[in-house]
Trainee: 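Mind having a look at this structure? Questions to follow.
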Amino acid sequence: MIGCDCAVCRSPDPRDKRLRSSVYIETPETAFIVDTGTDFRTQALRENIRRVDAVVFTHSHTDHIMGFDDLRRFSWQRGSMPVYASAKTMADLERVFMFAFKGTNPFPGYLKPEPHLVNGPFFLGETKITPLPVPHGKAEVNGYLFSRSYWNTDLQSVRPAELHPAEPKTGNEGVLSQAADKMSAGRTGQSPVFQHERKVIAYLSDCSAVPDEIAQTIFGVECLIIDALREKPHPTHLSVGQALEVATRVQPKETYFIHIAHELAQSFEQTLPPHTHIAYDGLKLSF
């Protein structure tokens, strides 16, 4: 924090030096960014990012959009930049960056946004992106679930609960996505083929609560990336205790805390439950 001499701000641990929250996702088909915060240019240079095929926005607060114009480098390479956001967030982007959205005769190197309103799940490459509307104080913002599909031809490996999605589930069994599994029978003598949705990442960068229906949607996700500002409660962000409670409901394989204030040192991770981590700038995860 500017002008602060607290233990975290003066920490020698480089992981305590934090820029604004954002995530860059690269798949075999495409690469995209979630939010373009004030530090986007610095982050792109640090990580040597050479490709951005689209940008997805959670909401329009300053710390999540003010690096938007630095997308011009990637827009110029592609010819335009697909922008995905809720109607409210898109309206704010169009107002703040009117020069980009309303440019009548833009220079070839300028940013050329290609707006896409997020009203439900959509795809970037083979990645299904499901919006997760959550409260952020009095505002509503989008988190996102990133899923990938895979096929299973081994009937014995499919649990009965997955074959009968209408049946109630108990314990640690996963909750099926609203996009129902598809089953197709091949020629006589072939094994049935089952399509499954792999819930890879749930990204909830800014929220003050996680409704039960959202927790159900992301139940059993491989990686939960979630707001955990500090230990003390805050009106627009989850505290550490609240984030841990969400993780208990969601039961992810791994949990990473983000959007962390300077009250929380990286060393605090030692006090967290197993498979729960404090994210840091430059952290890379593979799935």
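Positions are given from 1 along the sequence.
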Trainee: Distance alone, cut at 3.5 Å: any donor-acceptor contact between the side chains of His259 and Asp206?
Mentor: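 Yes, a side-chain donor-acceptor pair sits under 3.5 Å.
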Trainee: Could you name each residue pair satisfying salt bridge (charged side-chain N to carboxylate O under 4.0 Å, His left out) that touches residues 228-239, not counting sequence neighbours?
Mentor: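 Applying salt bridge (charged side-chain N to carboxylate O under 4.0 Å, His left out) to every pair that reaches into residues 228-239, excluding sequence neighbours, yields Arg230-Glu263.
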Trainee: Sequence neighbours excluded, which residues qualify as salt bridge (Lys or Arg N to Asp or Glu O under 4.0 Å) partners of Arg41?
Mentor: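 Partners of Arg41 under the salt bridge (Lys or Arg N to Asp or Glu O under 4.0 Å) test: none.
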Trainee: Who are the side chain to side chain donor-acceptor pair (under 3.5 Å) partners of Arg73, not counting sequence neighbours?
Mentor: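 Partners of Arg73 under the side chain to side chain donor-acceptor pair (under 3.5 Å) test: none.
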Trainee: With a 4.5 Å cut-off on side-chain heavy atoms, are Tyr203 and Ile258 touching?
Mentor: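 Yes, at least one pair of side-chain atoms sits under 4.5 Å.
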Trainee: Among all residues two or more places apart in sequence or in another chain, which pass the salt bridge (Lys or Arg N to Asp or Glu O under 4.0 Å) test with Asp53?
Mentor: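 By the salt bridge (Lys or Arg N to Asp or Glu O under 4.0 Å) rule, Asp53 matches Arg51, Arg78.
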Trainee: Indicate yes or no for a side-chain donor-acceptor contact from Lys17 to the backbone of Cys9 under 3.5 Å, with no hydrogens or angles considered.
Mentor: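 Side chain of Lys17 to backbone of Cys9, a donor-acceptor pair under 3.5 Å: yes, one is there.
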Trainee: Is any side-chain heavy atom of Glu140 closer than 4.5 Å to one of Lys88?
Mentor: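 No, every pair of side-chain atoms sits at 4.5 Å or beyond.
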Trainee: Restricting to non-hydrogen atoms, name the atom on Glu126 and the atom on Glu29 that form the minimum distance, rounded to 0.1 Å.
Mentor: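 That would be N-OE1, 3.0 Å.
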Trainee: Looking at residues at least two apart in the chain, or sitting in another chain, which of them share a ring pair (Phe, Tyr, Trp, His ring centres under 6.0 Å) with His262?
Mentor: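 Listed in chain order: nothing, the list is empty.
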Trainee: For Pro12, which residues count as a side chain to side chain contact (heavy atoms under 4.5 Å, CB included) partner, sequence neighbours excluded?
Mentor: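 Checked Pro12 against side chain to side chain contact (heavy atoms under 4.5 Å, CB included); zero matches.
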Trainee: Would you please name every residue forming a side chain to side chain contact (heavy atoms under 4.5 Å, CB included) with Thr236, sequence neighbours left out?
Mentor: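 Only His136, His234 meet the side chain to side chain contact (heavy atoms under 4.5 Å, CB included) criterion with Thr236.
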Trainee: Taking the side chain from Asp39 and the backbone from Arg20, do they hold a donor-acceptor pair closer than 3.5 Å?
Mentor: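 Flag set: sc Asp39 to bb Arg20 pair under 3.5 Å.
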Trainee: Tell me every residue that passes side chain to side chain donor-acceptor pair (under 3.5 Å) with Thr255, counting only those two or more places apart in sequence or in another chain.
Mentor: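 For Thr255 there are no side chain to side chain donor-acceptor pair (under 3.5 Å) partners, ignoring immediate neighbours.
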Trainee: Given a cutoff of under 4.5 Å between side-chain heavy atoms of I, L, V, M, F, W and Y, with clusters grown through shared members, what are the other residues clustered with Val55?
Mentor: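 Members other than Val55 - counting any ILVMFWY side chain reachable under 4.5 Å - are Tyr24, Ile33, Phe40, Ile49, Val52, Phe57, Ile65, Met66, Phe68, Leu71, Phe74, Met81, Val83, Met90, Leu93, Val96, Phe97, Phe99, Phe101, Leu111, Leu117.
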Trainee: Say whether Thr58 and Asp35, considering side chains only, have a donor N or O and an acceptor N or O under 3.5 Å apart.
Mentor: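 On atom types as modelled, these side chains qualify, holding a pair under 3.5 Å.
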Trainee: So, using side chain to side chain contact (heavy atoms under 4.5 Å, CB included) as the criterion, who are the partners of Tyr280 when residues are at least two apart?
Mentor: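 Testing Tyr280 for side chain to side chain contact (heavy atoms under 4.5 Å, CB included), a comparison that skips the adjacent residues, returns Arg15, Gln266, Leu283.
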Trainee: Check whether any side-chain heavy atom of Leu229 lies under 4.5 Å from a side-chain heavy atom of Ile260, and answer yes or no.
Mentor: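 Counting from C-beta outward, Leu229 and Ile260 never come under 4.5 Å.
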Trainee: List in chain and number order the residues that pass salt bridge (Lys or Arg N to Asp or Glu O under 4.0 Å) with Lys138, two or more places apart in sequence or in another chain; answer none if no residue qualifies.
Mentor: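 Partners of Lys138 by the salt bridge (Lys or Arg N to Asp or Glu O under 4.0 Å) criterion come out as none, since no residue qualifies.
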Trainee: Do Leu145 and Lys199 have side chains that approach each other closer than 4.5 Å (heavy atoms only, starting at C-beta)?
Mentor: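 Yes; the side chains approach each other to less than 4.5 Å.
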Trainee: Would you indicate whether Glu213, at its atom CD, is surrounded by more than 12 heavy atoms from other residues, nucleotides or ligands within a distance under 6.0 Å?
Mentor: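 Yes, because the 6.0 Å sphere around CD of Glu213 holds more than 12 heavy atoms from other groups.
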Trainee: Checking Ala139 now: which residues fulfil side chain to side chain contact (heavy atoms under 4.5 Å, CB included) with it, not counting sequence neighbours?
Mentor: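 Applying side chain to side chain contact (heavy atoms under 4.5 Å, CB included) to Ala139 gives none.
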